[in-house]
Amino acid sequence: MSEVIDETIIPYSIFDEEGNRLKIKISHDGKLLFLAENIPSIGYKSFYLVHNNALTNSLNSLSENNDNSLPKKALPEKENISEFILENEYVKVIVDEKTGNLISVYDKINEQEILQGYGNELQLFEDKGQYWDAWNINPNYEEYRLENPSLISIQWLEKGSLRQIIRIKKTFNRSHFRQDYILNFNSPILTIKNKVNWQEDYTLLKVNFSLNIESDFVTYDIACGNIQRTTKPKTEAEKAQWEVNGHYWADSSNHNYGVSLLNDCKYGYDSKSNQLRLS
C-alpha cells in the first residue's frame, strides 16, 4: 500500500533566480515537485536545487559574518487532511468514501455546485445481439443495467499545498479499475487518471456525470472544429443521435454557466439536459 510522504523531511530546497525559496514536495512515486512560474516566452528560467545541509552551513557562515542576504531556513509546508476532500483556491471536491464516486464539485470562484448526483460514476450495461458487435451499441442498452463496480480501497497518495491525489480501486467480475483524483493548487481542473484491466465480454462501460445545470445542447470537439447537438431530441434524426462521437472535449452550457469534460483517448458520448457520459 502506498504511503503519504511527510513533506517536512525533504532534504532539499529549491530557489529561483531571485533567491526566493519555493514550495516543494515529494510525489508518491518519488519525484521532487515544485511550481515553475513566470517562464519567459521562447526562453528559459533557472532554478537551483540545494541540499539543506549545504544551506545550513552557508547560513551558519553568513550568521557569523552578520550577513542575512539569504532567506532563513524553513521546512516545506505540511497540511493535515483527514477527509477525502481535494481543495484549492478554485474548487472543492468531495469523494464519497463508500463508493469512490464524486459527490460534490464546488466552483468557489462562481459559487456554483457542479454536481446534482454522482460524478465519475462507472456504469455497466449488457451489450450484445448486435451485428458487428465490436462497433455497434445496442440502442436499448440502458434496459440491461448491471451492478456498478465495487469499491476495494480509497486512500491518499499525496497531500500538500502543491498537489493532492486520492486513489480509488474498484472491481467488477474479472476487471479492475484504478483511478487517481488529482488536483493541482493553481488549477481549476480536476484530473482523473484511469488505469483499467478490462476482461469483460458483451459489456458496455460508461462514466457518468450528473450535472447541476440544465442545457438544451452539448457542444462536442470534432475534427477541424466543433458541433452542437440537442439534449432534447424531437425529430427522428435527433433521436438517432443517442450516441455520438467527439474528440477531446464535450461541453454542457447554458447562458449562465457551463461544464466541460476533457479526455485524451475515448470518443463516444451521450448526453441529457443535465447529464454527460463518456463511453
Verify whether one side chain among [X] and [Y] offers a donor that lies under 3.5 Å from an acceptor in the other.
X	Y	value
Tyr269	Asn263	yes
Asp201	Thr203	no
Lys206	Ser279	yes
Ser175	Asn173	no
Arg229	Gln241	yes
Glu214	Ser273	yes
Asn148	Gln123	no

**OP:** Could you check Arg167, Arg163, Lys193 and say which one makes a salt bridge (Lys or Arg N to Asp or Glu O under 4.0 Å) with Asp180?
**Re:** Arg167
Original post:
Which class fits the ring pair Phe84 and Trp156: parallel under 30°, tilted 30 to 60°, perpendicular over 60°?
Top reply: parallel
**OP:** Tell me, with the steps shown, if Asn186 and Asn88 meet side-chain contact (heavy atoms from CB on, under 4.5 Å).
**Re:** CA-CA 7 Å; Asn186 65 331; Asn88 61 16; over 6 Å; no
Subject >> Test side-chain contact (heavy atoms from CB on, under 4.5 Å) applied to His28 and Glu158, step by step >> reply: CA-CA 6 Å; His28 68 279; Glu158 294 183 19; 2.9 Å; yes
So does [X] pair up with [Y], basic N to acidic O under 4.0 Å?
X	Y	answer
Arg277	Glu142	yes
Lys232	Asp216	yes
Lys92	Glu113	no
Lys108	Glu87	yes
Arg21	Asp16	no

Original post:
Just by distance, do the side chain of Tyr141 and the backbone of Lys128 share a donor-acceptor pair under 3.5 Å?
Top reply: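 Not a single qualifying donor-acceptor pair exists.
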Original post:
Side chain of Gln130, backbone of Trp132: donor and acceptor closer than 3.5 Å?
Top reply: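 No; judged by distance alone, with no hydrogens or angles, the pair does not exist.
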Original post:
Would you say Leu124 and Leu102 are hydrophobically clustered, going by side-chain heavy atoms of ILVMFWY under 4.5 Å?
Top reply: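 Leu124 clusters together with Leu102.
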Original post:
Would you find more than 12 non-hydrogen atoms of other residues, nucleotides or ligands less than 6.0 Å from Glu111 atom CD?
Top reply: no
Subject >> Derivation and outcome, side-chain contact (heavy atoms from CB on, under 4.5 Å), residues Asn194 and Arg178 >> reply: CA-CA 6 Å; Asn194 297 275; Arg178 190 183 78 188; over 6 Å; no
**OP:** Take Asn226 and Tyr220, measure what side-chain contact (heavy atoms from CB on, under 4.5 Å) needs, and give me the verdict at the end.
**Re:** CA-CA 5 Å; Asn226 58 74; Tyr220 299 94; over 6 Å; no
Original post:
Does the ring centre of Phe15 sit less than 6.0 Å away from the ring centre of Phe47?
Top reply: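 Aromatic pair excluded; centres sit 6.0 Å or further apart.
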